[in-house]
Chemist: 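Before I ask anything, let me first share the structure, which is written out below as structure tokens.
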Amino acid sequence: MIEKINLLKAEIESLTASTPEEVEALRIKYLSKKGSVSLLFNDFRTVPAEEKRMIGQALNELKNFATDKINGLRESLDSVENIDPTLDLTRTAAPLPLGSRHPLSIVRGEIISIFSRLGFTVAEGPEIEDDWHVFSSLNFAADHPARDMQDTFFIQRNPDVLLRTHTSSVQSRVMEHTQPPIRIICPGRVYRNEAISARAHCFFHQVEALYVDENVSFADLKQTLLYFAREMFGPQTSIRLRPSYFPFTEPSAEMDISCNLCGGKGCSFCKHTGWVEILGCGMVDPNVLDACGIDSRRYSGFALGMGVERITNLKYQVKDLRMFSENDRRFLEEFQSAR
């Protein structure tokens with residue numbers, strides 16, 4: 001009898017259950033009137049008188065043990081069911097600081113949003129490019145300074161493989177495979193071989209726009225620029241265009257906006273001119289259209305490009321470009337309330 005009690009106790013000790021139904025089935029199997037423990041109590045009547053005290057005590061201990069075991073299984077399941085399934089039990093008890101969007105991401109998103117309201121769609125391309133898409137297709141002369149190693153990062157000294165110096169390469173890729181009308185905006189990171197300082201970096205971010213269709217004029221470009229400037233910097237913003245030169249546009253211009261700090265009256269930020277340069281633009285050179293397989297006699301277009309860091313500087317007055325890439329939490333936390 002003692003041997004049966006010990007075997008049954010070892011069996012009960014190894015019991016497990018994963019659902020309340022399994023726990024109830026174990027209770028019936030061991031503690032009901034016809035359960036294994038109850039059957040042993042029925043056999044107690046055949047035990048010799050001199051062993052009844054010892055056997056009875058063992059049976060009572062077995063019944064208590066079985067009851068405690070099954071109750072413990074039921075309580076463990078109840079505690080699991082009460083846990084919020086969305087609660088991460090591995091998370092630290094200390095509060096975690098909230099992050100924020102990077103200021104460049106905030107401004108990049110605003111620029112894309114403004115141009116999307118004009119019907120522009122986002123186009124992207126590789127950061128490791130070839131000479132054709134970065135220079136040749138965009139009307140750069142063979143001896144242009146941008147092709148020199150002191151200005152451009154070439155891959156393993158291969159003159160045909162390089163890190164793109166502007167996102168204009170995305171424009172040439174789109175024009176190669178798409179016939180007008182084309183209306184795209186090309187955001188991305190670009191690389192130039194420059195010394196890192198408060199005013200320059202070896203990598204930065206650009207957003208360029210391209211519109212090609214029949215009868216596109218410089219007036220379309222001017223209205224697009226005015227709309228962008230007032231949406232980005234406020235409805236009182238004025239613009240001016242100054243003649244310039246870019247290999248891929250003709251005529252070319254640089255655009256200034258009225259200083260958003262002094263309202264055009266003159267201050268130290270705008271060097272007391274009342275104007276701040278923000279981007280370059282122009283009409284797409286016919287040579288670029290022809291090189292990309294678009295008939296320049298039928299179609300015309302305009303292109304414009306701006307540095308995201310430059311626009312961010314104007315909006316938030318960040319004077320050191322290195323702050324954007326150093327991941328200083330004190331700097332990034334200042335933009336938690338930004339859109």
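Note that these values count all heavy atoms, side chains included, but never hydrogens, waters or copies made by symmetry.
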Chemist: Quick one: does any side-chain atom of Arg183 pair with a main-chain N or O of Leu118 as donor and acceptor, under 3.5 Å?
Modeler: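 Answer holds: yes.
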Chemist: Write down the atom of Ser168, the atom of Leu138, and the distance for their closest heavy-atom approach.
Modeler: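 Closest heavy-atom pair between Ser168 and Leu138: CB-CD1, 3.5 Å.
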Chemist: Show the nearest heavy-atom pair for residues Arg164 and Gly188, with the distance to one decimal.
Modeler: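 Minimum heavy-atom contact is NH2-CA, 3.4 Å.
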Chemist: With a 4.5 Å cut-off on side-chain heavy-atom distances among I, L, V, M, F, W and Y, is there a chain of contacts connecting Phe204 to Leu162?
Modeler: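 Hydrophobic grouping puts Phe204 apart from Leu162.
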Chemist: So, using side chain to side chain contact (heavy atoms under 4.5 Å, CB included) as the criterion, who are the partners of Pro103 when residues are at least two apart?
Modeler: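 Residues passing side chain to side chain contact (heavy atoms under 4.5 Å, CB included) with Pro103: Thr312, Phe324, Phe331, Leu332, Phe335.
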Chemist: Which pair of heavy atoms, one from Asp220 and one from Asn215, lies closest together, and at what distance?
Modeler: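 Shortest heavy-atom contact: OD2-O, 3.8 Å.
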Chemist: Grouping I, L, V, M, F, W and Y whenever their side-chain heavy atoms are under 4.5 Å apart, do Val318 and Leu321 come out in a common cluster?
Modeler: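 Yes, because Val318 and Leu321 connect within a single hydrophobic cluster, where side-chain heavy atoms sit under 4.5 Å apart.
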Chemist: Could you grab the distance from atom OG of Ser258 to atom NZ of Lys265, nearest 0.5 Å is fine?
Modeler: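 Result: 12.0 Å between the selected atoms.
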Chemist: Show me the pairs that pass ring-ring contact (aromatic ring centres under 6.0 Å, His included) and involve residues 217-243, at least two apart or across chains.
Modeler: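 Applying ring-ring contact (aromatic ring centres under 6.0 Å, His included) to every pair that reaches into residues 217-243, excluding sequence neighbours, yields Phe115-Phe228.
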Chemist: For Arg230 and Thr237, work out which heavy atoms get closest and say how close.
Modeler: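 In terms of heavy atoms, the two residues are closest at NE-O, 3.0 Å.
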Chemist: Checking Asp328 now: which residues fulfil salt bridge (charged side-chain N to carboxylate O under 4.0 Å, His left out) with it, not counting sequence neighbours?
Modeler: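 Applying salt bridge (charged side-chain N to carboxylate O under 4.0 Å, His left out) to Asp328 gives Arg330.
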Chemist: Quick one: are Glu13 and Phe65 in side-chain contact, heavy atoms under 4.5 Å?
Modeler: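 Yes, their side chains come closer than 4.5 Å.
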Chemist: Kindly compute the distance separating OG (Ser238) from CH2 (Trp275), expressed to the nearest 0.5 Å.
Modeler: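 Reported to 0.5 Å precision, the distance equals 5.0 Å.
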Chemist: Between Val288 and Phe248, is any pair of side-chain heavy atoms under 4.5 Å apart?
Modeler: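 They are in side-chain contact.
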Chemist: Go through the structure and list residues passing side chain to side chain donor-acceptor pair (under 3.5 Å) with Asn6, not counting sequence neighbours.
Modeler: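 So Asn6 forms no side chain to side chain donor-acceptor pair (under 3.5 Å) with any residue.
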Chemist: Using 0.5 Å steps for rounding, measure from the CD1 atom of Ile106 to the CD1 atom of Ile311.
Modeler: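 One gets 15.0 Å once the value is rounded to the nearest 0.5 Å.
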Chemist: With rounding to the nearest 0.5 angstrom, report the CE to CG distance, Met283 to Leu289.
Modeler: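 Answer for the CE-CG pair, Met283 versus Leu289, is 9.5 Å.
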Chemist: Does Lys29 have any side chain to side chain contact (heavy atoms under 4.5 Å, CB included) partners at least two apart in sequence or in another chain, and if so, which?
Modeler: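 Counting only residues at least two positions away or on another chain, Lys29 forms a side chain to side chain contact (heavy atoms under 4.5 Å, CB included) with Glu11.
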Chemist: Under 4.0 Å between a side-chain nitrogen and a carboxylate oxygen: does that hold for Glu110 and Lys315?
Modeler: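 Looking at Lys315 together with Glu110, the answer is yes, because their closest N to O distance falls below 4.0 Å.
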Chemist: Going by atom type alone, with no hydrogens or angles, which donor-acceptor pairs under 3.5 Å involve a side-chain atom of residues 296-305 and a protein atom two or more places apart or on another chain?
Modeler:
| unit_1 | atom_1 | unit_2 | atom_2 | d |
| --- | --- | --- | --- | --- |
| Ser296 | OG | Asp290 | OD1 | 3.0 |
| Ser296 | OG | Asp290 | OD2 | 3.1 |
| Arg297 | NE | Asp295 | OD1 | 3.3 |
| Arg298 | NE | Glu214 | OE2 | 2.7 |
| Arg298 | NH2 | Glu214 | OE2 | 3.0 |
| Ser300 | OG | Val216 | N | 3.1 |
| Ser300 | OG | Val216 | O | 2.8 |

Chemist: Is there a side-chain contact between Met306 and Ile111, using heavy atoms and a 4.5 Å cut-off?
Modeler: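 Yes, side chains in contact.
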Chemist: Looking at Glu277, is its backbone amide N or carbonyl O close enough to the side chain of Arg310 to form a donor-acceptor pair, meaning the two atoms are under 3.5 Å apart?
Modeler: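 Indeed, once roles are kept as given, a pair shorter than 3.5 Å links the two residues.
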Chemist: Is there a path of hydrophobic side-chain contacts, each under 4.5 Å between heavy atoms of I/L/V/M/F/W/Y residues, joining Ile185 to Leu226?
Modeler: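 Yes, it is one cluster - the side chains of Leu226 and Ile185 are joined through contacts under 4.5 Å.
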Chemist: List in chain and number order the residues that pass ring-ring contact (aromatic ring centres under 6.0 Å, His included) with Phe203, two or more places apart in sequence or in another chain; answer none if no residue qualifies.
Modeler: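 In terms of ring-ring contact (aromatic ring centres under 6.0 Å, His included), with neighbours along the sequence ignored, Phe203 is linked to His201.
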Chemist: Between Glu231 and Arg117, is there a salt bridge with N-O shorter than 4.0 Å?
Modeler: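 Between Glu231 and Arg117 there is a salt bridge, with a charged N closer than 4.0 Å to a carboxylate O.
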Chemist: Is any side-chain heavy atom of His205 closer than 4.5 Å to one of Pro187?
Modeler: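 The answer is no; the side chains never approach within 4.5 Å.
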Chemist: Does some side-chain heavy atom of Asp256 sit less than 4.5 Å from a side-chain heavy atom of Arg242?
Modeler: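 Yes, side chains in contact.
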Chemist: Return a table of donor-acceptor pairs under 3.5 angstrom between the side chains of residues 119-129 and protein atoms on other chains or two or more places apart.
Modeler:
| unit_1 | atom_1 | unit_2 | atom_2 | d |
| --- | --- | --- | --- | --- |
| Glu127 | OE1 | Tyr191 | OH | 2.5 |
| Glu129 | OE1 | Arg173 | NH2 | 3.0 |
| Glu129 | OE2 | Arg173 | NE | 2.6 |

Chemist: Can the ring centroids of His166 and Phe140 be said to lie less than 6.0 angstrom from one another?
Modeler: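 Judged by ring-centre distance (under 6.0 Å), His166 and Phe140 do meet the cut-off.
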Chemist: What's the verdict on side-chain contact (heavy atoms from CB on, under 4.5 Å) for Leu241 and Cys281, showing C-alpha distance, side-chain angles and the deciding distance?
Modeler: CA-CA 9 Å; Leu241 298 174; Cys281 59; 4.2 Å; yes
Chemist: List in chain and number order the residues that pass side chain to side chain contact (heavy atoms under 4.5 Å, CB included) with Ser18, two or more places apart in sequence or in another chain; answer none if no residue qualifies.
Modeler: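 With neighbours one apart ignored, the set is Glu22.
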Chemist: Counting C-beta onward and ignoring hydrogens, is there a side-chain heavy-atom pair between Leu221 and Tyr211 closer than 4.5 Å?
Modeler: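 No, every pair of side-chain atoms sits at 4.5 Å or beyond.
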Chemist: Can you list everything that forms a side chain to side chain donor-acceptor pair (under 3.5 Å) with Ser252? Sequence neighbours excluded, please.
Modeler: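 Only Thr249 meet the side chain to side chain donor-acceptor pair (under 3.5 Å) criterion with Ser252.
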Chemist: To the nearest 0.5 Å, tell me how far Leu7 CG sits from Ile12 CD1.
Modeler: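 If we round to the nearest 0.5 Å, Leu7:CG and Ile12:CD1 are 11.0 Å apart.
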Chemist: Taking only residues two or more places apart in sequence, or in another chain, which ones meet Asp68 in a side chain to side chain contact (heavy atoms under 4.5 Å, CB included)?
Modeler: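 If we apply the side chain to side chain contact (heavy atoms under 4.5 Å, CB included) test to Asp68, skipping adjacent residues, there are no hits.
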Chemist: If I take atom CG from residue Leu15 and atom CG from residue Leu73, how far apart are they, to the nearest 0.5 angstrom?
Modeler: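 Answer rounded to 0.5 Å: 6.5 Å.
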Chemist: Using side-chain heavy atoms (C-beta onward) and a distance below 4.5 Å, is Ile294 in contact with Ile182?
Modeler: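 They are in side-chain contact.
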Chemist: Under a 4.5 Å side-chain heavy-atom rule over Ile, Leu, Val, Met, Phe, Trp and Tyr, are Phe246 and Met175 clustered together?
Modeler: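 Cluster IDs for Phe246 and Met175 match.
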Chemist: If hydrophobic clusters are built by linking Ile, Leu, Val, Met, Phe, Trp and Tyr wherever their side-chain heavy atoms come under 4.5 Å apart, do Val308 and Val190 end up in the same one?
Modeler: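 Hydrophobic grouping puts Val308 apart from Val190.
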Chemist: Is any side-chain heavy atom of Thr167 closer than 4.5 Å to one of Val207?
Modeler: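 Side-chain contact under 4.5 Å: no.
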Chemist: Should Arg322 and Glu326 count as an ion pair when the cut-off is N to O under 4.0 Å?
Modeler: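 No.
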Chemist: For residues 10-38, which residue pairs pass the ring-ring contact (aromatic ring centres under 6.0 Å, His included) check, not counting sequence neighbours?
Modeler: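 Matches after skipping sequence neighbours: none remain.
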